[in-house]
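What follows is a short report on a single structure.
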2 protein chains.
Amino acid sequence: MATVTDPAPRSSKAEQTRQSIIDAAMRLFRSGGYDQATMRAIAEEAGVSVGNAYYYFSSKEHLVQAYYDRIQAAHAEASEQPLADETDFNGRLRGVLLAWVDVAEPYHEFAGKFFKNAAEPSSPLSPFSEDSTAAREAAIELHRRIIDGSDLKLAKGLRDELPELLWLLQMGIVLFWVHDTSEGQRRTRDLVDQSVPIIDRMLRLTRLPGVRGVVDDVVGLIHMIRP
Amino acid sequence: MATVTDPAPRSSKAEQTRQSIIDAAMRLFRSGGYDQATMRAIAEEAGVSVGNAYYYFSSKEHLVQAYYDRIQAAHAEASEQPLADETDFNGRLRGVLLAWVDVAEPYHEFAGKFFKNAAEPSSPLSPFSEDSTAAREAAIELHRRIIDGSDLKLAKGLRDELPELLWLLQMGIVLFWVHDTSEGQRRTRDLVDQSVPIIDRMLRLTRLPGVRGVVDDVVGLIHMIRP
DNA sequence: CTCCATCTTTGAACGTGTTCAACTATGACT
DNA sequence: AGTCATAGTTGAACACGTTCAAAGATGGAG
């Protein structure tokens with residue numbers, strides 16, 4: 001979902017300042033939530049001026065973006081274990097999705113603030129935006145690994161599109177998760193537990209005669225709709 | 001998406017003031033978009049003080065709700081024709097969805113700003129929020145009419161849940177629409193044209209042996225996940 | 001070393017959504 | 001008519017995210 005926040009090369013000193021601002025933001029986000037962590041408070045915590053914080057991060061949302069990048073990195077790392085342990089599609093998909101819920105749990109409180117970016121089309125932070133291409137494709141690649149390492153048999157047309165479709169599924173789960181106020185996001189975990197086997201069964205049904213025709217149409221629709 | 005903003009009985013004078021604030025907001029939203037329409041500008045345009053505007057609308061977002069309500073009302077009205085003309089499910093669903101694209105077209109330009117705020121779970125503008133319950137249920141009811149007036153044959157469990165599922169489909173189309181920069185949102189119209197027949201075919205497949213079991217699981221999942 | 005262009009840093013100032021204590025108008029009841 | 005609680009109204013004040021002109025630091029060229 002996230003985009004890269006300024007990947008230009010920088011001096012070590014500047015990079016240090018930049019990191020200290022991120023760290024300060026992290027601490028305040030964690031301790032007091034998004035609203036409490038004002039730009040003034042973040043700047044003070046980092047030992048810089050407000051204007052200086054804006055020199056490195058063009059908005060408070062870009063600061064949240066840096067936060068989100070860490071979640072993505074942690075999720076990629078946490079996904080390695082289920083991808084190594086599980087061999088069937090069901091287990092692999094479930095493992096990766098639950099890993100995300102685990103990794104993201106500490107950030108649930110202010111995830112909504114970040115999610116605002118997802119809906120603003122003009123924002124470079126939107127998961128569908130040009131600027132997010134790299135991060136999005138990394139996430140899609142993760143889903144391709146889920147499929148490729150599994151026992152799943154698919155028609156070729158669907159196999160090519162499925163990683164992106166699974167990424168969309170994940171976006172849907174994130175949407176549910178953002179709205180999930182249950183303790184430890186238990187309901188989201190239930191959703192993953194229950195829906196993954198259904199997805200698995202549905203995908204195996206796609207080779208059924210009578211179903212295959214519809215699947216071909218869906219693949220055709222995706223091709224037509226893609227930019 | 002939004003709900004009715006405060007349906008309590010009021011004196012005619014107060015109701016008049018209330019309406020003049022809404023009207024002023026509409027004019028400014030239309031002419032200059034969301035950001036230009038500041039609460040100060042809206043209050044001045046309505047001939048009241050800022051504090052008075054807040055007496056009637058507890059936040060700027062609640063004011064936007066009134067805006068949403070008008071789109072929704074216009075859509076409900078525009079849906080009557082296809083619901084009267086079309087008899088098959090395919091035509092009814094297509095007619096209602098395209099009616100939405102038609103009705104919403106004038107607002108596409110600043111829809112992104114609106115939806116950005118609506119995407120935040122804590123926002124009253126969120127289509128999933130408590131405040132939006134009335135509007136959401138009206139929209140779901142519209143989809144129930146699509147089904148009930150059509151020739152579609154469904155298993156009972158699915159029939160009960162389908163209106164809400166179709167509403168979710170509509171939310172997905174709205175998401176696509178928000179990101180759609182093509183002239184007159186042609187791509188969204190194409191999406192509707194192409195996807196509705198596929199949905200139709202998929203629903204008719206649900207009675208196929210081998211598919212029905214999965215459908216039952218999906219219905220069970222929905223029951224488990226609903227609050 | 002001197003110069004100068006560029007990178008970095010500052011904090012006051014701006015406009016925003018929102019709040020609130022104080023004020024006025026309304027209308028029901030004596 | 002007088003009283004008084006409630007509804008309605010006001011605009012200054014608050015805290016916030018953000019901007020900007022100005023100042024300071026850095027480092028390479030001559």
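Numbered from 1 within each chain, the chains take letters A, B, ... in sequence-line order.
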Does the side chain of B/Tyr56 get closer than 4.0 angstrom to OP1 or OP2 of D/dT9 through an N or O atom? yes
Quick check for you: among C/dT10, D/dT9, D/dG17, whose closest atom lies nearest to any side-chain atom of A/Lys60? D/dG17
Are B/Ile222 and B/Glu164 packed together at the side-chain level, in the sense that at least one heavy-atom pair is separated by less than 4.5 angstrom? no
How many whole angstroms separate atom CD1 of A/Ile42 from atom C1' of D/dA15? 15 Å
Just N and O in the side chain of B/Tyr55: are any of them under 4.0 Å from OP1 or OP2 of D/dG8? yes
Can you tell me the distance, in whole Å, between the CG atom of B/Leu63 and the C1' atom of C/dT18? 14 Å
Identify which nucleotide among D/dT18, D/dG17, C/dT9 has an atom closest to any side-chain atom of A/Asn52, counting heavy atoms from C-beta outward. C/dT9
Identify which nucleotide among D/dT9, C/dT18, D/dG17 has an atom closest to any side-chain atom of A/Met39, counting heavy atoms from C-beta outward. D/dG17
To the nearest Å, give me how far apart CG (A/Asp35) and C1' (D/dC16) are. 10 Å
Whole Å only: how far is the CZ atom of A/Phe57 from the P atom of D/dT19? 15 Å
Steps toward side chain to side chain contact (heavy atoms under 4.5 Å, CB included) verdict (A/Val178, A/Val174): CA-CA 6 Å; A/Val178 167; A/Val174 171; 4.2 Å; yes
Value in whole Å for how far the C1' atom of D/dA7 lies from CD of B/Glu15: 15 Å
Would you please confirm or rule out a distance under 4.0 Å between OP1 or OP2 of C/dT9 and any side-chain N or O of A/Thr17? yes
Flag the pair B/Phe128 / B/Trp167 as yes when their ring centroid distance falls below 6.0 Å, and as no otherwise. yes
Cation-pi between A/Arg18 and A/Phe57: NZ/CZ under 6.0 Å from ring centre and within 45° of the ring axis? yes
Tell me: NE2 of A/His62 to P of D/dT18, nearest whole Å? 10 Å
On DNA chain D, nearest-nucleotide positions of A/Ala37 versus A/Gly51: which is more 5'? A/Ala37
Assign each of A/Ser49 and A/Arg40 the nucleotide of DNA chain C bearing its closest heavy atom; nearer the 5' end lies the nucleotide of A/Ser49
Please pick, from C/dT10, D/dC16, C/dT18, the nucleotide with the shortest atom-to-atom distance to any side-chain atom of A/Thr38. D/dC16
Validate the cation-pi geometry between A/Lys60 and A/Tyr34: distance from NZ or CZ to the six-membered ring centre under 6.0 Å, angle to the ring axis within 45°. yes
Separation of atom OH in A/Tyr54 from atom P in C/dA13, rounded to whole Å: 18 Å
